[in-house]
Amino acid sequence: MKAIFIVGPTATGKSHLALTLAKKFNGCIINCDSIQFYNKLKIGSAAPDQAEMNQVPHYLYSYVNPPQEMTAGQFLRDFHDLIENNKDLKSPLIIVGGTGFYVQALEKGMFNVPEINRELKIQIEAEIKEYGNEKAFKELIEFDPETKIHINDAYRIGRALEVKRAFNLKMSELKMQALLNEDTDNKFKLPFPFIKIGIDLDREILKQNIASRTKMMLKNGLIDEVKSLIDEGHADWAPLSSVGYFEVKEFLAGRIDKVDLEDQINLSTRQLTKKQRTWFKRDLEISWLKSNQTEILNFVEEFLQES
RNA sequence: GGGCAGGUGCCCGAGUGGCUAAAGGGGACAGACUGUAAAUCUGUUGGCUUCGGUCUUCGAAGGUUCGAAUCCUUCCCUGCCCA
């Protein structure tokens with residue numbers, strides 16, 4: 001078994017490339033996009049359509065339903081379950097997605113943190129909300145003076161406090177343990193050879209792609225997709241605060257004018273691609289290839305021929 | 001032609017004599033990131049600098065003042081109202 005990661009900013013044609021490669025090399029496609037997991041978020045996440053899914057086996061797409069929320073850890077478990085138990089999986093696995101954190105999880109594994117009970121999470125969240133970051137941060141910094149978490153980063157402070165209160169462990173300790181004792185998390189690392197291909201476009205072209213993609217999403221019923229989720233009572237579902245969905249929610253709540261909706265989505269999408277670049281830029285093992293078909297095909301072919 | 005409001009850095013916008021290279025927001029750029037990650041958070045954002053400074057900047061030109069984005073004069077432009 002071999003794997004090919006296809007990563008990079010959104011709207012660069014990664015999914016299309018994945019399809020081409022999977023057909024050409026008789027492989028299958030695995031999702032590594034944090035929104036395309038969700039069953040009811042197809043339009044706004046630009047998930048592959050049925051026609052595309054029929055051409056090549058696609059895994060880990062559209063399988064999570066509200067109010068269930070995905071986590072990197074759960075995704076990693078789902079992925080391992082898939083590669084260990086699904087005998088139909090065909091090599092190469094083409095792993096596509098723009099979510100750097102999830103790509104990292106599949107590739108390098110995650111140090112294991114046992115499940116933290118819901119009450120504690122809710123309680124900490126409420127405490128931070130009520131007493132502010134400072135109090136929570138104080139608790140954190142006294143426990144873990146080395147922490148690099150910023151006082152304003154309420155989400156990370158909360159998570160670190162969960163781990164502290166539940167297990168009396170520091171995030172930095174866990175990280176260090178994982179680094180020193182490779183065995184503990186080795187089992188989650190991707191257990192076969194792989195390459196990472198990065199796809200990016202000139203910013204001006206990408207801007208145009210984003211614009212036409214947004215237009216298409218709106219035309220295809222993005223607003224209705226959101227509306228029906230809200231009608232079903234999922235307005236607070238976390239993934240609805242992602243790019244596109246958030247703006248539509250704002251529009252439905254009357255906080256964005258219809259005329260501004262499209263521009264807002266375009267803007268947020270561009271800002272997303274910026275962050276995706278920042279993430280992937282630091283991974284020096286990614287081979288950045290222009291969407292030049294032959295170049296990519298040769299590169300992949302060479303990799304697949306290595307024993 | 002008359003009245004009123006206004007012209008501020010990439011944009012919006014605060015400032016109405018010194019503490020102002022000028023609040024705040026947006027955008028842009030750069031960055032962090034192990035269970036929300038399309039989330040969350042951080043830094044920078046006039047030029048030069050030996051980092052102590054220094055030069056240019058708030059529609060334009062003049063003027064008052066030790067000192068002006070802030071006061072005065074004229075001019076140009078924008079919006080609304082009256083002719």
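The basis for the numbers below is simple: all heavy atoms, side chains too, and nothing from hydrogens, waters or symmetry mates. Within every chain, numbering begins at 1; the chains are lettered A, B, ... in the order of the sequence lines, protein sequences first and strands thereafter.
- Listed by chain and number, the residues in a salt bridge (charged side-chain N to carboxylate O under 4.0 Å, His left out) with Glu225(A) amount to none (sequence neighbours excluded).
- Looking at residues 278-286 of chain A, you'll see Thr278(A), Trp279(A), Lys281(A), Arg282(A) sit with a heavy atom under 4.0 Å from some atom of RNA chain B.
- Using cut-offs of 30° and 60° for the angle between ring planes, the Phe37(A) and Phe75(A) rings count as tilted.
- Within 4.0 Å (heavy atoms only), Lys274(A) reaches at least one base atom of the nucleic acid.
- Nearest nucleotide to the side chain of Arg203(A), out of A39(B), G27(B), A30(B): A30(B).
- Checked by distance alone, Arg156(A) brings a side-chain donor or acceptor within 3.5 Å of a matching partner on the base of A39(B).
- Surrounding CG of Asn117(A) are more than 12 heavy atoms belonging to other residues, nucleotides or ligands, all under 6.0 Å away.
- Closest approach to the Phe101(A) side chain among A37(B), C41(B), U36(B) is made by A37(B) (side chain taken as heavy atoms from C-beta onward).
- Taking atom CG on Leu267(A) and atom C1' on C29(B), their separation rounds to 14 Å, with Å as the unit.
- For the pair Arg159(A) CZ and A37(B) C1', the interatomic distance rounds to 13 Å; values are reported in whole Å.
- The separation between Phe246(A) atom CZ and A37(B) atom P is 16 Å, rounded to whole Å.
- In this entry the base of G52(B) is anti relative to its sugar, with a glycosidic angle more than 90° from 0.
- Across all strands shown, C80(B) forms a Watson-Crick or G-U wobble pair, both distances under 3.5 Å, with G3(B).
- Mapped onto RNA chain B by nearest heavy atom, Ala154(A) and Thr71(A) fall at different nucleotides, with Thr71(A) at the one closer to the 5' end.
- Atom pair Arg277(A):CZ and A28(B):P shows a separation of 12 Å (rounding to whole Å applied).
- The residue Ser45(A) sits close to a base: some heavy atom pair falls under 4.0 Å.
- If you measure from atom CD of Gln104(A) to atom P of C33(B), you get 9 Å, rounded to the nearest angstrom.
- Taking 4.0 Å as the cut-off between side-chain N and carboxylate O, Lys215(A) and Glu262(A) count as a salt-bridged pair.
- One can place CD1 of Ile35(A) at 5 Å from C1' of A38(B), the figure rounded to the nearest angstrom.
- A distance of about 31 Å separates the C1' atoms of U42(B) and U50(B), rounded to the whole Å.
- With G27(B), A38(B), A37(B) as the candidates, the nucleotide lying closest to the side chain of Gln271(A) is G27(B).
- Distance NZ (Lys275(A)) to P (U36(B)): 16 Å, rounded to an integer number of Å.
- For Thr99(A), whose side chain is taken as the heavy atoms from C-beta onward, the closest listed nucleotide among U34(B), C41(B), A37(B) is A37(B).
- A salt bridge does not link Glu127(A) with Lys135(A): none of the charged nitrogens is closer than 4.0 Å to a carboxylate oxygen.
- Within 3.5 Å, a donor on the side chain of Asp33(A) pairs with an acceptor on the base of A38(B), or the reverse.
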Donor-acceptor pairs under 3.5 angstrom involving side-chain atoms of residues 137-144 of chain A: please list them, not counting sequence neighbours.
unit_1	atom_1	unit_2	atom_2	d
Glu139(A)	OE1	Arg165(A)	NH2	2.8
Glu139(A)	OE2	Lys164(A)	NZ	2.8
Glu139(A)	OE2	Arg165(A)	NE	3.0
Asp144(A)	OD1	Glu146(A)	N	3.3
Asp144(A)	OD1	Ser172(A)	OG	3.4
Asp144(A)	OD2	Ser172(A)	OG	3.1

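- In summary, Lys40(A) and Glu232(A) engage in a salt bridge, as defined by a charged side-chain N under 4.0 Å from a carboxylate O.
- For the C1' atom pair drawn from U64(B) and G17(B), the interatomic distance equals 11 Å after rounding to whole Å.
- To the nearest angstrom, P of A39(B) lies 12 Å from OH of Tyr38(A).
- Nearest-nucleotide mapping onto RNA chain B: of Ala72(A) and Val243(A), the residue sitting toward the 5' end is Ala72(A).
- Side-chain atoms of Tyr102(A) do not come within 3.5 Å of backbone N or O of Leu76(A) as any donor-acceptor pair.
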